[in-house]
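As structure tokens, the structure follows; a few thoughts come after it.
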Amino acid sequence: MRKIIYTKYSNDRAPSFCIRTDILEDAFGKKYVRKKSINAKSEAHIKKMYENYTKLQKQFAHTRFVINHTMQTEEGVEFEFLNGHSLEYELDQKLEQQDMEGLLQQIKAFAEELKKVAVKEFASTQEFEQVFGAWKLNRPMKSMEVSDIDVVFQNIIVNKDKWELIDYEWTYTFPIPVDWIIFRTIHYYLAGQREAIVKKHYNLYSELGISEEEVIYFQEMEKSFQSSLLGNHVPLWQLYNSVRGELYFPNGHIEANREESRLHQVKVIKQYKDGHFGDYYISPVLDKNRTMRLEVTLEENVVAICVQPALCACFVRIKSIHGIGIGSYCADYGTNGISMDNQ
């Protein structure tokens, strides 16, 4: 007899991708991960996970990558529950030890291992453009026969000299540039304070042969991918943000609500060459990904800026901070908050 000890519903997507993930435990304490459809439309999505498992196994047979064991059941697919630490954890250990050369070499080893099986010439297809948008780059690129695009470092469990992939839900059999998959992995690893630390030593994209033009286009590909997961579905959080407007309450609470709104403003402070300061406020607007994009114009006599994300205690995840002049570059910045998990 097995019991459910954890359940997550992924139901803020298009109906064809809505699934449920359970962690099960048997009488001997052994754990399993089960994914199952929660409507008829997503049954094909679950079925493809097992089909892709066998394809990925064959593709990565002679590499460091090992595919987490999967089996079909009447309810869906079940995965082996792996214990151990992730490749992300190992990289973070190198960050803490300031072993930047070791960090770079391990990331390069990861990229080279993927490229070993990327032997096909990439060519855009109708399937590709439905998910990632129109192809805009001219440089020839390679692709794998089967592409697991979610090989982020936290989805890789280190087992001696092997890397076990534990989540390959987003796997495709049409051509996808392997350079974009590598970009995506680096992009999500650098999210947060890691970017500020790493960029003092390396431009990881450049070290991996990804140009600034490709970075900008690859970001567009990621946005198109995220949009394809939603389809015509509008997540509850997005609907709430779009219709709620500004709320006022009766019984003398109007002023209190105005004060609450004020506390959630963003404050921008500029320091000028002559020593004086200027500031202004922005009322934040979140996009469909619950992200705020903030642009600050830097006049020629501005020497520093300070951005206060709210006028009260808050939790913030910094996606990226870029400067735009003749070209785009990673801007130097620091924070005075308490770091949680480097994000």
Side-chain angles (χ1 to χ4, degrees), residues 4 6-24 32-59 67-79 122-135 143-152 154-155 165-178 180-181 183-185 187-188 218-243 286-291:
I4 297 175
Y6 171 86
T7 293
K8 181 182 77 172
Y9 281 87
S10 299
N11 56 1
D12 56 350
R13 311 166 174 172
S16 56
F17 301 125
C18 289
I19 66 169
R20 168 178 151 182
T21 302
D22 298 323
I23 297 179
L24 309 166
Y32 308 82
V33 178
R34 178 177 66 196
K35 292 180 182 282
K36 57 189 293 186
S37 59
I38 55 178
N39 61 55
K41 291 183 177 180
S42 61
E43 290 176 0
H45 184 58
I46 292 292
K47 184 179 179 182
K48 281 184 178 178
M49 290 186 201
Y50 182 75
E51 294 172 354
N52 291 331
Y53 160 65
T54 56
K55 293 174 183 176
L56 289 168
Q57 263 192 323
K58 181 180 179 181
Q59 176 173 271
I67 312 304
N68 185 19
H69 179 69
T70 304
M71 63 180 182
Q72 283 183 306
T73 69
E74 292 182 359
E75 293 189 80
V77 290
E78 284 191 5
F79 301 83
F122 169 76
S124 182
T125 63
Q126 184 177 0
E127 290 174 300
F128 171 87
E129 296 197 355
Q130 285 176 346
V131 179
F132 299 104
W135 179 249
S143 70
M144 294 178 275
E145 187 77 30
V146 187
S147 296
D148 172 13
I149 69 169
D150 206 22
V151 286
V152 294
Q154 64 183 4
N155 283 345
L165 301 180
I166 62 171
D167 191 347
Y168 35 89
E169 180 179 352
W170 304 112
T171 298
Y172 297 93
T173 54
F174 55 79
I176 299 172
V178 68
W180 177 75
I181 298 173
F183 157 81
R184 189 175 192 270
T185 301
H187 170 74
Y188 281 107
F218 285 166
Q219 289 171 339
E220 292 181 22
M221 280 182 61
E222 175 63 17
K223 290 177 183 177
S224 296
F225 167 64
Q226 296 295 336
S227 294
S228 74
L229 301 189
L230 293 178
N232 295 322
H233 179 76
V234 180
L236 184 60
W237 61 262
Q238 185 177 335
L239 181 65
Y240 174 75
N241 283 337
S242 66
V243 302
L286 300 179
D287 65 17
K288 63 184 179 182
N289 297 317
R290 305 180 73 180
T291 300

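No experiment lies behind these values; they were computed from the predicted model shown. In what follows, residues are counted from 1 in the order of the sequence shown.
Residues meeting the side-chain contact (heavy atoms from CB on, under 4.5 Å) test with Y50, sequence neighbours left out: Y53, T54, T70, Q72, V77. Listed by chain and number, the residues in a salt bridge (Lys or Arg N to Asp or Glu O under 4.0 Å) with E220 are K136 (sequence neighbours excluded). The salt bridge (Lys or Arg N to Asp or Glu O under 4.0 Å) search around R34 returns D22, E75, not counting sequence neighbours. Checked against side-chain contact (heavy atoms from CB on, under 4.5 Å), K48 has the following partners two or more places apart in sequence or in another chain: E51, N52. Under the rule for a side-chain contact (heavy atoms from CB on, under 4.5 Å), the partners of E145 that lie at least two apart in sequence or sit in another chain are Q59, K120. Residues passing the salt bridge (Lys or Arg N to Asp or Glu O under 4.0 Å) test with K55, sequence neighbours excluded: none. A search for side-chain hydrogen bond (donor to acceptor under 3.5 Å, both in side chains) contacts involving E127 returns nothing, not counting sequence neighbours. The ring-ring contact (aromatic ring centres under 6.0 Å, His included) test applied to Y172 returns F174, not counting sequence neighbours. Contacts of S227 classified as side-chain hydrogen bond (donor to acceptor under 3.5 Å, both in side chains), with partners at least two apart in sequence or in another chain: K288. Under the rule for a side-chain hydrogen bond (donor to acceptor under 3.5 Å, both in side chains), the partners of S42 that lie at least two apart in sequence or sit in another chain are N39. Every residue two or more places apart in sequence or in another chain that forms a side-chain contact (heavy atoms from CB on, under 4.5 Å) with A14 is listed here: S16, F17. Residues passing the side-chain hydrogen bond (donor to acceptor under 3.5 Å, both in side chains) test with E169, sequence neighbours excluded: R13, H45.
Expressed to the nearest 0.5 Å, how far CZ of F218 lies from CD1 of I181 amounts to 10.0 Å. How far OH of Y9 is from CD1 of I19: 11.5 Å, rounded to the nearest 0.5 Å. In this structure, C18 SG and K41 NZ are separated by 10.0 Å, a value rounded to the nearest 0.5 Å. In this structure, the separation between CH2 on W170 and CG on D150 is 9.0 Å, given to the nearest 0.5 Å. With rounding to the nearest 0.5 angstrom, the CE atom of M221 is 10.5 Å from the CD atom of E129. Separating the CD atom in E78 from the NZ atom in K36 is a distance of 10.5 Å, to the nearest 0.5 Å.
Each of I23, N68, T21, I166 was checked for a side chain to side chain contact (heavy atoms under 4.5 Å, CB included) with F79, and the lone residue meeting it is N68.
Taking the side chain as every heavy atom from C-beta outward, I67 and L165 approach each other to under 4.5 Å. Contact of the P177 side chain with the F183 side chain is not registered, since no non-hydrogen atoms from C-beta on lie closer than 4.5 Å.
Across all non-hydrogen atoms, the minimal contact from I46 to S37 is CG1-N, 3.5 Å. Taking every heavy atom of both residues into account, G133 and F128 meet most closely at O-CE2, 3.7 Å. Among all heavy-atom pairs drawn from I176 and I149, the shortest one is CD1-CG2, 3.8 Å.
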